[in-house]
**Q** 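What follows is a single structure, and I will ask about it in a moment.
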Amino acid sequence: MALKFYESPFHATETAELASNMVLRTDITIMIRDIIQHQGWTQQQAADELCISQPRISDIINGKIEKFTLDFLVTILDALGFKARFTFGDIDSANIDIRRVKSESI
């Protein structure tokens, strides 16, 4: 039996469209978690800074991507001082660039 390789673990069990969405949510969740950890914030401090509940921060820290939409995660990135920009190259390519734009305490 030949081994079958997938683009991500999600692609092994989900449709390609859902799997791609899940990969993007995972990547953004990891970025948010890493920013919170880099700031040295407790979950409660992060919740206060981002105006969301501590249990929601816990879900982010623990990678519970099924609880978040891409829209919500992009809103959190925005609150952390980052902007996401979508660039359409041509019919076969596009890029999402996420960069810090604020020079506040983050």
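Fair warning: this is a prediction, and the values are worked out from it, not measured in the lab. Each residue takes its place number in the sequence, starting with 1.
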**Q** For the residue pair Ala94 and Phe86, what are the closest heavy atoms and their distance?
**A**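 Minimum heavy-atom separation between Ala94 and Phe86: CB-CZ, 3.5 Å.
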**Q** I'd like to know if Phe10 and Leu24 are part of one continuous hydrophobic network [Ile/Leu/Val/Met/Phe/Trp/Tyr, side-chain heavy atoms within less than 4.5 Å].
**A**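 Result: no, two separate clusters.
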**Q** Answer with yes or no whether the hydrophobic clustering places Ile60 together with Ile30; edges join I, L, V, M, F, W, Y residues whose side-chain heavy atoms lie under 4.5 Å apart.
**A**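 Per the 4.5 Å side-chain linkage, Ile60 and Ile30 are not co-clustered.
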**Q** Taking atom CG of Asn62 and atom CZ of Arg33, what is their separation to the nearest 0.5 Å?
**A**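 It comes to 9.5 Å.
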**Q** To the closest 0.5 Å, what do you measure between CD1 (Ile98) and CD1 (Ile28)?
**A**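 So the CD1 of Ile98 and the CD1 of Ile28 are separated by 4.5 Å.
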**Q** Can you get from Phe68 to Ile61 by hopping between Ile, Leu, Val, Met, Phe, Trp and Tyr side chains that sit under 4.5 Å apart?
**A**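 In one cluster: yes.
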**Q** Would you say that His38 contacts Asp34 through its side chain, given a criterion of any heavy-atom pair below 4.5 Å between the two side chains?
**A**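 A side-chain contact under 4.5 Å is absent here.
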**Q** If I compare all heavy atoms of Ala16 with all of His11, which pair ends up nearest, and what's the gap?
**A**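 Distance-wise, the nearest heavy atoms are O-NE2, 4.0 Å.
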**Q** Distance check, rounded to the nearest 0.5 Å: Ser58 atom OG versus Gln44 atom CD?
**A**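 Answer rounded to 0.5 Å: 11.5 Å.
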**Q** Quick one about Asn21 and Glu17 (side-chain donor to acceptor, distance below 3.5 Å, no hydrogens or angles considered), yes or no?
**A**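 There is no such pair (donor and acceptor under 3.5 Å, judged by atom type) between the side chains of Glu17 and Asn21.
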**Q** Output the distance between atom CG (Asp90) and atom CG (Asp92), rounded to the nearest 0.5 Å.
**A**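 Answer rounded to 0.5 Å: 5.5 Å.
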**Q** To the nearest 0.5 angstrom, please state how far the CG atom of Leu70 sits from the CE atom of Met22.
**A**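 So the gap between those two atoms works out to 11.5 Å.
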**Q** Decide whether Gln43 and Gln54 meet the rule of one side-chain donor and one side-chain acceptor closer than 3.5 Å.
**A**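 Looking only at side-chain atoms, Gln54 and Gln43 do form a donor-acceptor pair, the distance falling under 3.5 Å.
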**Q** Is it true that Asp59 and Lys67 make a salt bridge, defined as a side-chain N closer than 4.0 Å to a carboxylate O?
**A**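 Looking at Lys67 together with Asp59, the answer is yes, because their closest N to O distance falls below 4.0 Å.
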**Q** State yes or no: do Val23 and Phe5 share one hydrophobic cluster built from I, L, V, M, F, W and Y residues joined by side-chain heavy-atom distances below 4.5 Å, directly or via other members?
**A**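 Different clusters: Val23 never reaches Phe5 through Ile, Leu, Val, Met, Phe, Trp or Tyr contacts under 4.5 Å.
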**Q** Tell me, with the steps shown, if Asn95 and Asp97 meet side chain to side chain contact (heavy atoms under 4.5 Å, CB included).
**A** CA-CA 6 Å; Asn95 293 301; Asp97 183 47; 5.9 Å; no
**Q** Between Arg25 and Asp27, does any NZ, NE, NH1 or NH2 come within less than 4.0 Å of an OD or OE carboxylate oxygen?
**A**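 No, Asp27 and Arg25 are not salt-bridged.
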**Q** Please lay out, stage by stage, how Gln45 and Thr42 fare under the test side chain to side chain contact (heavy atoms under 4.5 Å, CB included).
**A** CA-CA 5 Å; Gln45 288 171 317; Thr42 65; 3.3 Å; yes
**Q** For Ala47 and Ser53, work out which heavy atoms get closest and say how close.
**A**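 Closest pair (atom of Ala47, atom of Ser53, distance): CB-C, 3.7 Å.
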**Q** Could you tell me whether the side chain of Phe72 reaches within less than 4.5 Å of the side chain of Leu77, counting heavy atoms only?
**A**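 Result no, sub-4.5 Å side-chain heavy-atom pair not found.
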**Q** Within a strict 4.5 Å, meaning less than it, do heavy atoms of the Leu50 and Ile52 side chains meet?
**A**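 Yes, at least one pair of side-chain atoms sits under 4.5 Å.
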**Q** Applying a strict under-4.5 Å side-chain criterion to I, L, V, M, F, W and Y, I'd like to know whether Ile76 and Ile65 cluster together.
**A**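 In one cluster: no.
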**Q** Are any non-hydrogen side-chain atoms of Phe82 and Val74 less than 4.5 angstrom apart?
**A**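 No. Closest side-chain heavy atoms not under 4.5 Å.
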**Q** Above 12 or not: heavy atoms from other molecules or residues under 6.0 Å from CD of Gln37?
**A**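 Enclosed.
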**Q** Go through the steps to decide whether Thr13 and Tyr6 satisfy the test side chain to side chain contact (heavy atoms under 4.5 Å, CB included), and finish with yes or no.
**A** CA-CA 10 Å; Thr13 58; Tyr6 296 93; over 6 Å; no
**Q** Measure the spacing between CD1 of Ile32 and CG of Leu80 and express it to the nearest 0.5 Å.
**A**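 So the gap between those two atoms works out to 6.5 Å.
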